[in-house]
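Computed from heavy atoms alone, side chains included, the values below leave out hydrogens, waters and symmetry copies. Order of the sequence lines fixes the chain letters, A, B, ..., with proteins taken first and strands second; residue numbering starts at 1 for each chain.
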Amino acid sequence: MDKWVLIDGNSIIYRAFFALPPLTNSAGLHTNAVFGFTTMLLRLLEEEKPTHMLVAFDAGKVTFRHEGYEDYKGGREKTPPELSEQFPVLKELLRSFGIAQYELAGYEADDIIGTLSRLADERGVEALVVSGDKDMLQLASDHVTIALTRKGISEVERYDPAEINEKYGLKPLQIIDLKGLMGDTSDNIPGIPGVGEKTALKLLHEYGSVEAVLANAAELKGKMREKVETHQDSALMSKKLATIFREVPLEKQPDELTYGGYDAQTLADMFRKLEFKSLIERLELPGAASVDAAAVAAAATYEVVAAGSLDGPALAAMLAASDSVYIEAIGDNPHQARLIGLAAASGERIVVATYDDLMDEKLSGPLRGWLEDEHAPKRGYDLHKAELALGWLGIALRGIAFDALLAAYLLDPTESSQTLAALIQRHGLSAIQTDEAVYGKGARLVVPQGDVLANHLAAKADAVRRLVPLLAEQLEQGHMTKLNDELELPLAVVLAGMEKQGIQVNPAVLEELGAELERGISQYMSDIYAHAGMEFNINSPKQLGEVLFEKLGLPVIKKTKTGHSTDAEVLEKLEPYSEIVKLILQYRQLTKLQSTYVEGLLKEIRRDTGKVHTYYRQTIAATGRLSSQFPNLQNIPIRLEEGRRIRKAFVPSEPGWSILAADYSQIELRVLAHISGDERMKEAFIADTDIHTKTAMDVFGVSADEVDANMRRQAKAVNFGIVYGISDFGLSNNLGISRKDAARFIEQYFAVFEGVRAYMDNIVAQARRDGYVTTLLERRRYLPEIKASNFNLRSFAERTAMNTPIQGTAADIIKLAMVKMDGVLRERKLRSRMLLQVHDELVFEVPADELELMKTLLPEVMESALKLDVPLRADVSFGDNWYEAK
DNA sequence: AGGATCACG
DNA sequence: ACGTACGTGATCCTA
């Protein structure tokens with residue numbers, strides 16, 4: 001039995017374009033609409049199993065409908081270039097699929113589909129018409145079903161004549177009359193002005209057609225009659241325009257629409273060009289990042305050797321000769337990760353050792369000996385994590401020489417997936433299985449034994465071996481070899497050391513604070529319930545919204561996607577209306593401290609060490625900053641006193657020692673002064689004046705003693721804005737002033753700091769030209785959206801272009817300081833330990849006899865980390881805990 | 001799984 | 001006219 005699927009190409013690609021977020025491949029080609037179209041095609045192929053398939057397109061701008069009504073489809077926004085560039089891509093994709101496509105000058109896609117669906121009717125063949133356009137419903141019949149997209153393109157709704165009758169009370173052909181009466185703004189079909197769907201349906205249920213309505217206009221009352229009578233011609237013309245022409249002189253015969261399946265290689269090549277990796281995976285096409293074990297084995301050029309099959313010296317020799325290593329540790333938190341095993345490739349021979357081998361009396365000697373030998377270079381993937389997982393087993397990992405993950409991050413820090421499977425696919429190497437495929441995930445995580453595991457680890461070691469030279473070459477091309485070798489790679493080792501060391505947390509401090517918070521929270525809860533006149537879950541934005549905006553009738557200030565916004569900014573505006581608002585703000589503050597910082601932190605204290613061991617992630621932030629997890633120690637409260645007390649729980653791990661902290665003063669603005677070369681700003685830092693006061697003096701044109709607190713506050717906000725990539729809207733929002741005033745501020749600022757203005761202009765132009773921006777140490781971030789026609793996307797990219805070199809260079813500097821400081825501590829054999837990094841601050845624990853030295857040494861190292869045209873300044877402080885070090 | 005909220009620089 | 005400040009992670013709730 002034949003089954004035809006007829007797709008309205010123009011309609012679906014439009015829907016897909018607006019339904020999906022922007023998406024580009026690395027060449028900058030927009031692909032979101034094509035992607036959406038493809039997912040729809042795949043679903044249709046799977047669900048409908050068509051024997052014939054056609055995608056019809058509109059041809060050219062002028063159709064027969066324009067004869068007689070020139071304004072047909074007039075007033076439409078012109079197709080955005082991000083979409084137009086996708087039409088030829090879609091057509092090429094259809095060829096790769098082996099799906100027929102057709103367009104004919106002077107006709108629209110609807111007409112082609114209308115004609116084919118008539119043929120389907122005549123032949124008694126089942127057909128499915130796919131479109132986003134309701135007009136298509138007129139084609140429905142016993143043989144023809146219409147599928148209309150709903151909510152973007154994720155769902156379709158099917159209509160046969162019965163369903164059309166149920167929904168509209170109309171026969172399929174009456175859809176044309178419906179359009180004739182109500183018109184269609186998107187096609188600029190006028191209909192009868194003032195007649196919408198409701199009225200049109202009422203009229204049709206009564207009279208049956210446009211002609212009948214016009215003939216009986218005299219029966220209508222008042223305004224309605226007037227409208228119908230004056231717009232008779234319009235109604236008839238609209239009906240004509242809405243009628244799908246079903247006699248198109250097709251040059252294509254239905255048997256040319258036969259769909260015989262796609263060629264996997266052809267489709268894979270097309271998907272690769274478009275970078276539709278997930279689809280390559282889903283269809284298991286050639287070159288998928290993940291393939292099945294048999295395919296990996298078949299493609300393998302290497303030999304897998306079990307460590308247990310070798311004697312000690314043979315194993316040691318193989319390890320010593322290895323080019324790459326892959327060390328597997330499963331679990332997100334490396335401090336708790338389970339070490340599964342490792343594989344080391346020496347040319348085409350790969351030795352695999354399991355966890356048991358590592359613990360084996362005979363094998364552990366050579367294995368540990370090699371891992372701990374700093375003269376035996378390790379080229380691997382995510383060796384930072386491996387170092388921690390091994391470290392907790394009492395095995396040191398030394399001799400880290402290259403890390404594919406780190407290199408991939410430097411090459412493109414915004415790439416969403418840096419998994420090994422994704423990396424090798426990106427570099428066109430032969431595929432391996434994904435970890436999820438081999439190990440499962442979540443509750444179904446099962447680590448296989450024997451050959452299955454050995455083969456997977458070997459495949460990874462082989463992948464790393466092939467990747468290393470490619471990545472190294474690309475780093476070289478991007479001038480990032482030095483950044484990799486001398487900064488990021490040594491830093492990975494420094495970080496692992498800090499993380500293993502951990503920081504002592506005194507649970508008694510937290511518990512006492514927790515008890516106090518508990519009392520406050522229950523008091524606030526009962527007060528809030530009393531004001532609300534009911535009990536509810538204050539933590540639920542939904543329930544809170546109902547109480548505030550429905551029960552208490554407070555004004556709605558801002559909406560979210562899901563309902564009423566109740567964030568702090570909104571609540572502060574609502575404070576005058578009800579006392580409950582203040583209570584909620586207080587409640588929020590206390591519960592945040594309780595759940596995230598008291599309870600959350602207590603859970604992270606390790607029983608065996610009494611410390612928390614964070615994990616600094618080096619390959620996450622697009623700007624080059626670190627991030628911190630399990631727990632995050634980079635967002636411990638400080639701004640409000642209530643929260644700041646949490647810091648009293650962070651103490652030295654040895655009696656008599658102190659916590660010593662040093663933070664860079666205004667590092668981002670100093671970096672800006674340097675890279676912009678702005679003379680006035682440089683002078684300010686060279687003279688070590690208060691930058692916000694100086695900014696206020698210059699922008700307001702007053703002397704130092706004329707700068708009041710408010711002027712300084714505003715100047716400070718402008719300085720922040722400058723670093724973030726300023727806009728008048730953002731500044732006005734932040735300062736609570738009008739956009740005009742904010743714009744005036746910015747103009748005054750740029751009039752004074754001309755070098756800064758020039759920098760901002762130049763960096764955006766440079767990003768547009770090169771496609772990326774860099775930091776002082778050549779760290780790179782690509783900004784493809786800087787060329788977007790969408791204002792939002794483009795503006796965001798422009799602000800990022802301004803901000804990333806500043807934030808990123810500041811990150812470079814503190815990373816340099818960390819590596820240098822680590823070296824200094826080693827050289828001078830000091831016992832002081834680096835514990836934490838918080839973007840512009842370093843925290844140490846120091847013994848009493850090193851305190852005086854460290855108080856001068858640490859800021860010296862930080863200030864001399866990188867030589868800029870302005871001095872760097874670090875302020876140092878110390879105490880018995882992190883709170884006191886202020 | 002994703003949104004809302006809020007902690008930090 | 002457009003509508004946002006830059007970069008993160010943890011917790012809770014809701015679908």
Interatomic distance where [atom1] belongs to [X] and [atom2] belongs to [N] [whole Å]:
X        : N      : atom1 : atom2 : answer
A:Leu590 : B:dC6  : CG    : P     : 13 Å
A:Leu836 : B:dG9  : CG    : P     : 13 Å
A:Lys561 : C:dA15 : NZ    : P     : 15 Å
A:Glu604 : B:dA7  : CD    : P     : 19 Å

Can a side chain N or O of [X] be found less than 4.0 Å away from OP1 or OP2 on [N]?
X        : N      : result
A:Ser540 : C:dT14 : yes
A:Arg639 : B:dG9  : yes
A:Lys542 : C:dA15 : yes
A:Thr804 : C:dC6  : no

Does A:Phe729 or A:Ser628 map to a spot on DNA chain C nearer the 5' end, using the closest nucleotide for each?
->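 It is A:Phe729 whose nearest nucleotide is closer to the 5' end.
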Mind checking the P distance from B:dT5 to C:dA5? Whole angstroms is fine.
->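 Pairwise P distance, B:dT5 against C:dA5, rounds to 14 Å.
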Using the P atoms only, state how far C:dT4 lies from B:dG3, rounded to an integer number of Å.
->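 Nearest-Å result for B:dG3 against C:dT4 at atom P: 15 Å.
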With A:Phe650, the side-chain contact (heavy atoms from CB on, under 4.5 Å) member among A:Ile636, A:Val509, A:Ile659 |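 With A:Phe650 as partner, side-chain contact (heavy atoms from CB on, under 4.5 Å) holds for just one option, A:Ile636.
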Hunt down the Watson-Crick or G-U wobble partner of C:dA1, both distances under 3.5 Å, from any strand shown, or write none.
->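 Partner of C:dA1: none found under 3.5 Å.
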Do A:Arg780 and A:Tyr782 have side-chain N/O donor and acceptor atoms under 3.5 Å apart?
->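 Checked: A:Arg780/A:Tyr782 side chains pair up, N/O donor to acceptor below 3.5 Å.
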Any sub-3.5 Å donor-acceptor pair from A:Lys820's side-chain atoms to A:Ala865's backbone N or O?
->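 Such a contact is found between A:Lys820 side chain and A:Ala865 backbone.
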Is A:Lys592 touching bases, backbone alone, or none of the nucleic acid, heavy atoms closer than 4.0 Å?
->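 Base contact - A:Lys592 has a heavy atom under 4.0 Å of at least one base atom.
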Contact class for A:Gln629 vs. all strands (heavy atom < 4.0 Å): base, sugar-phosphate, or nothing?
->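 It contacts sugar-phosphate atoms only.
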For the pair A:Phe549 and A:His564, name the ring-plane relationship: parallel under 30°, tilted 30 to 60°, perpendicular over 60°.
->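 A:Phe549 vs A:His564 ring planes: tilted.
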